[in-house]
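First the structure, in the form of structure tokens, and then the observations on it.
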Amino acid sequence: MPPTTPQPPGPAGHAPAGQGQGQGQGHGTEAVGPVTSRATPVPEPVTPDAPAALKRPLLTQEWLDLSFVHWALDPDAVAPLLPAGTVPDVYEGRTYVGLVAFRMHRVGWLRSPGVPYLGSFPETNVRLYSVDAHGRRGVVFRSMDASRLLPVLMGRIAFRLPYVWSRMAVRHRGDLVGYTSTRRLPGPRGAHSRLVVRRGEPIAEPSGLEHFLTARWGMHNAFFGDTGFLPNAHPRWPLHRAELVRCEENLLAAAGLPGGLGEPVSVLYSPGVPVALGRPARPAGIPTP
């Protein structure tokens, strides 16, 4: 195993010594310094609950009607797609790419009430799983399709996130949830996804892999010219079994992922959670105002 690849957790449903089972990407502070070390990271424990409350959230929002669709990948295939200072986070020697479709609801700044129209919109993300030299587990977004132009512009300008403006919809019919997305700007034009998921029974005890894929307590991204970590906190995920009824998409290819991934290894649904996002750090480790 290459020296920059973190050691995977233990057998399915079991974590290595000192690691709890749960849905978390560990992070214990609200704002943290840049990620620059190339030392082999020792991942923090996966926990089902946020490791720390965010006392001064930068943003509040709700993530609703989520479908998580995941494929397994070789870590070497995604390592070049991650920001400097991070390596693929792995479970049993494999890493994952997720296609996550949901409704963003009432995004608000600081502790202000969420905005009902501009702050509410469908979103579909392509995300990878990362760990940095401090052991913080996170996600890296390769693309973020959203249907409101103003939030797209704010996300690109203020946070350097790969938001793109798309024509999107989320529809319910009985136990079916459908998500459609067709990219507008900045492209590539023609990038699209059509997902239909059948919601199943609630999951009383998620597996180790299900925890690993869903409880990620922050994201790695280039903030202020360096790779930093933006934490989030929310209640434990209410997860449901789900069946992928339809999947027509080329968002993964547009995001630089290899083809030929086969059938997804995990399909989950959640009615959603309220979320708080903390402040990213400047390169010196000083939180933004």
Side-chain angles (χ1 to χ4, degrees), residues 30-31 50 54-68 98-127 138-172 177-195 197 216-224 228-235 237 249 251 254-255 269-280 287-289:
E30 184 171 342
L54 300 178
K55 297 180 180 179
R56 295 186 301 156
L58 178 64
L59 291 167
T60 60
Q61 54 201 239
E62 291 181 79
W63 300 339
L64 304 177
D65 292 322
L66 300 96
S67 287
F68 301 88
L99 186 63
V100 182
F102 65 104
R103 289 191 300 114
M104 184 76 79
H105 186 61
R106 297 186 72 95
V107 176
W109 286 94
L110 304 175
R111 296 188 181 277
S112 64
V115 180
Y117 177 75
L118 290 176
S120 299
F121 47 88
E123 183 168 331
T124 298
N125 298 330
V126 175
R127 72 187 201 183
V139 298
V140 171
F141 292 109
R142 292 294 299 169
S143 65
M144 307 172 77
D145 288 69
S147 64
R148 293 273 187 265
L149 180 57
L150 182 58
V152 165
L153 295 175
M154 292 179 64
R156 293 180 68 89
I157 294 170
F159 294 98
R160 303 296 190 267
L161 290 170
Y163 266 107
V164 291
W165 186 34
S166 298
R167 182 179 296 106
M168 307 180 74
V170 178
R171 296 183 175 89
H172 291 259
V177 187
Y179 311 84
T180 60
S181 174
T182 303
R183 194 163 293 179
R184 288 169 161 167
L185 294 171
R189 299 297 293 269
H192 68 277
S193 66
R194 305 284 187 274
L195 298 178
V197 169
R216 312 298 292 188
W217 302 114
M219 68 176 173
H220 292 108
N221 194 51
F223 300 111
F224 314 109
F229 186 86
L230 189 151
N232 70 68
H234 58 73
W237 281 109
E249 63 84 32
L251 297 185
Y269 172 83
S270 177
V273 290
V275 182
L277 278 72
R279 293 165 169 78
T288 57

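When a residue number appears, it is its place in the shown sequence, counting from 1.
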For Y179 and S67: C-alpha separation, side-chain torsions, deciding distance, then whether side chain to side chain donor-acceptor pair (under 3.5 Å) applies.
CA-CA 9 Å; Y179 311 84; S67 287; 2.8 Å; yes
Indicate the ring-plane relationship of F68 and W237, choosing parallel, tilted or perpendicular according to the 30° and 60° boundaries.
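Taking W237 first and then F68, their aromatic rings stand perpendicular (interplane angle over 60°).
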Close side-chain approach of [X] to [Y], heavy-atom, < 4.5 Å:
X	Y	answer
R184	V164	no
L230	N221	no
T124	P122	no
P151	E123	no
L64	F102	no
P162	V126	no
R103	F121	no
F159	L277	no

Where [X] and [Y] come nearest, the two heavy atoms and their spacing:
X	Y	answer
L110	R279	CD2-NH2, 3.5 Å
R183	L251	NH2-CD2, 3.5 Å
R148	L118	CG-O, 4.0 Å
P186	R156	CG-NH1, 3.8 Å
G278	L58	O-CB, 3.8 Å
R160	A222	CB-O, 3.7 Å

Heavy-atom neighbours of R194 CZ exceed 12 at 6.0 Å:
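Counting neighbours around CZ of R194, more than 12 heavy atoms of other residues, nucleotides or ligands fall under 6.0 Å, so yes.
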Stepwise, does the side-chain contact (heavy atoms from CB on, under 4.5 Å) test hold for L66 with Y269?
CA-CA 6 Å; L66 300 96; Y269 172 83; 5.9 Å; no
Once rounded to the nearest 0.5 Å, what's the spacing between atom [atom1] of [X] and atom [atom2] of [Y]?
X	Y	atom1	atom2	answer
L59	M154	CG	CE	8.0 Å
W165	L149	CH2	CG	5.0 Å
L99	D145	CG	CG	9.0 Å
N232	Q61	CG	CD	8.5 Å
H105	S120	NE2	OG	5.0 Å
T182	R189	OG1	CZ	10.0 Å

Any donor-acceptor pair under 3.5 Å linking the side chain of R142 with the backbone of A255?
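It does hold such a pair.
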For L153 and Y163, what are the C-alpha separation, side-chain angles and deciding distance, and is it a side-chain contact (heavy atoms from CB on, under 4.5 Å)?
CA-CA 8 Å; L153 295 175; Y163 266 107; over 6 Å; no
